[in-house]
Amino acid sequence: MPSGLIALLDDVATIAKIAAASVDDIGLAVGKAGTKAAGVVIDDTAVTPRYVTGFTPERELPIIGKIALGSLRNKLLILLPVALLLTWLADRFNLPLITPLLMVGGAYLAFEATEKILEKLTGDHHSEEELLEADTPQELEERQVAGAIRTDFILSAEIMAIALAELEADSFGMQAAALAAVGILITAVVYGAVGLIVKLDDIGLHLADRGNAAARTFGKALVHGVPPLLKGLSIIGTAAMLWVGGGILLHGLGEMHILTGVPLFIHDLAHAWSGGSGAVEWLLNAVGASIVGMVVGAPIVGVVHVWQHRPGAASAGSVEVQPAVPPTEE
């Protein structure tokens with residue numbers, strides 16, 4: 001009996017060692033995949049704060065929480081199983097499935113960024129008008145959250161695809177575990193950072209009321225600095241969508257062997273003009289990707305706007321709401 005117990009304990013110890021090794025392997029895979037996706041993570045962090053701009057302070061964190069929950073749902077319930085299924089189908093039938101879908105997502109990002117840029121240049125505030133159609137603050141919040149989750153879906157798809165590419169040599173179970181860990185970790189990092197950014201002004205107000213002179217000075221600096229910071233992040237977020245979308249399209253062209261001269265030309269030109277500086281080369285590649293994003297996004301904007309302004313579109317898609325008339329005093 002004791003020998004049986006010892007054998008059982010020995011088996012348990014062996015299983016524990018195997019489990020620990022698996023956890024270490026998953027940790028290494030998560031670190032490798034997360035590092036490769038860092039660029040898109042930064043873009044995601046820059047994009048999100050603009051969706052809470054204009055709301056009251058008490059609604060900022062709940063809105064970010066809703067977006068984070070939607071992002072996690074996107075990654076774990078939709079993108080993770082779809083990525084694994086497409087990888088299996090691609091390996092089984094030798095079909096390039098993931099790249100075309102990513103290119104569709106890249107075109108959407110390019111469209112959304114180009115639309116915002118053209119609206120700023122032309123003074124057309126179509127997106128703002130759509131938001132103003134909301135009848136209640138709750139409806140406005142729901143529209144903003146839906147828009148943020150929609151954009152996050154594309155960026156999350158790119159993050160998961162980059163992570164999956166780093167895990168091609170691993171087993172199916174390892175890929176699933178590592179992708180789930182990457183999705184949870186990146187969501188926590190992105191929306192934790194976004195929550196901190198949008199609450200910096202509240203932190204500043206709290207510090208400005210402290211007795212310590214240094215704390216008051218720093219608090220006032222935060223209060224005055226947050227609005228320009230949020231405005232700057234909004235601009236960076238739009239630029240990020242444009243260069244990420246264009247970058248996805250360029251990468252897809254190379255993968256699909258279509259118009260391969262375009263990505264090669266941008267890469268070679270950036271390398272030649274960089275003067276050996278990696279930062280300058282990255283910036284030039286980002287500019288090139290942004291130009292490609294504009295070239296692809298502008299026609300889509302035109303088609304969408306023509307469709308939205310077609311005869312009968314306004315009457316079919318919206319109902320005129322009469323403003324409430326305050327009661328007169330008798």
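Heavy atoms only: backbone and side chains are in, while hydrogens, waters and symmetry mates are out.
- Screening Leu205, Asp202, Ile203 for a side-chain contact (heavy atoms from CB on, under 4.5 Å) involving Leu222 leaves a single residue, Ile203.
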Inset, instruction - Check step by step if side-chain contact (heavy atoms from CB on, under 4.5 Å) holds for Glu112 and Thr151. - result: CA-CA 9 Å; Glu112 188 171 354; Thr151 300; 3.0 Å; yes
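- Note: Met294 CE to Leu242 CG = 6.5 Å, rounded to the nearest 0.5 Å.
- Both Phe93 and Leu86 sit in one connected hydrophobic cluster of ILVMFWY residues. Membership requires side-chain heavy atoms under 4.5 Å apart, directly or through other members.
- The two atoms that bring Leu80 and Ala180 nearest to each other are CD2-CB, 4.1 Å, heavy atoms only.
- Separating the CD1 atom in Ile78 from the CZ atom in Arg73 is a distance of 7.5 Å, to the nearest 0.5 Å.
- Ser71 and Asp152 share a donor-acceptor pair across their side chains, judged by distance under 3.5 Å alone.
- Between Gly254 and Pro263, the closest heavy-atom pair is N-CG, 4.3 Å.
- Tested against Val304 for a side-chain contact (heavy atoms from CB on, under 4.5 Å), the candidates Val301, Val306, Ile300 yield a single pass: Ile300.
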Legend entry - Val292 vs Leu253, side-chain contact (heavy atoms from CB on, under 4.5 Å): CA-CA, chis, key distance, verdict: CA-CA 11 Å; Val292 171; Leu253 290 176; 5.7 Å; no
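- Listed by chain and number, the residues in a ring pair (Phe, Tyr, Trp, His ring centres under 6.0 Å) with Trp88 amount to none (sequence neighbours excluded).
- Separation of atoms CD1 (Ile117) and CD1 (Ile235) is listed at 10.5 Å; rounding is to 0.5 Å.
- Taking both residues in full, the closest heavy atoms of Thr99 and Met256 are given as CG2-CG, 3.8 Å, listed atom of the first, atom of the second, then distance.
- Counting heavy atoms from C-beta outward, Ile149 and Phe153 have side chains that stay 4.5 Å or more apart.
- Residues Val223 and Leu207 fail the side-chain proximity criterion, which asks for heavy atoms closer than 4.5 Å.
- Scanning all heavy atoms of the two residues, the minimum distance from Thr87 to Ala83 falls at OG1-O, 2.7 Å.
- Of the inter-residue distances, the one linking Ile184 atom CD1 with Leu179 atom CG reads 11.0 Å to the nearest 0.5 angstrom.
- Residues Ala107 and Val296 share a closest heavy-atom pair of CB-CG1, 4.3 Å.
- Ionic pairing of Lys66 and Glu142 is not present here: no N-O contact between side-chain nitrogen and carboxylate oxygen is shorter than 4.0 angstrom.
- Using a 4.5 Å heavy-atom cutoff, the side chains of Met103 and His251 are not in contact.
- The OG1 atom of Thr238 sits 10.0 Å away from atom CD of Glu119, with the distance rounded to the nearest 0.5 Å.
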Inset, instruction - May I have the step-by-step check of side-chain contact (heavy atoms from CB on, under 4.5 Å) for His271 and Leu284, ending in yes or no? - result: CA-CA 8 Å; His271 182 73; Leu284 291 173; over 6 Å; no
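- In this structure, Thr187 contributes its side chain and Gly183 its backbone to a donor-acceptor pair below 3.5 Å.
- Phe218 and Val226 fall within the same hydrophobic cluster, where Ile, Leu, Val, Met, Phe, Trp and Tyr residues are linked whenever their side-chain heavy atoms come under 4.5 Å apart, directly or through other members.
- Residue Val295 is not grouped with residue Ile258 when hydrophobic side chains (ILVMFWY) are merged at heavy-atom distances under 4.5 angstrom, including chains of intermediate members.
- Separating the CD1 atom in Ile197 from the CG atom in Leu200 is a distance of 7.0 Å, to the nearest 0.5 Å.
- Residues Ile64 and Tyr191 share a closest heavy-atom pair of CG2-O, 3.9 Å.
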Legend entry - Leu249 vs Leu102, side-chain contact (heavy atoms from CB on, under 4.5 Å): CA-CA, chis, key distance, verdict: CA-CA 8 Å; Leu249 292 169; Leu102 284 176; over 6 Å; no
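- Using cut-offs of 30° and 60° for the angle between ring planes, the Tyr108 and Phe111 rings count as tilted.
- Tested against Leu250, the residues Leu264, Asn285, Val262 include a single side-chain contact (heavy atoms from CB on, under 4.5 Å) partner, Val262.
- Ile266 and Leu259 fall within the same hydrophobic cluster, defined by Ile, Leu, Val, Met, Phe, Trp and Tyr side-chain heavy atoms under 4.5 Å apart, directly or through other members.
- If you chain together hydrophobic residues whose side chains sit under 4.5 Å apart, Leu269 and Ile291 never meet in one group.
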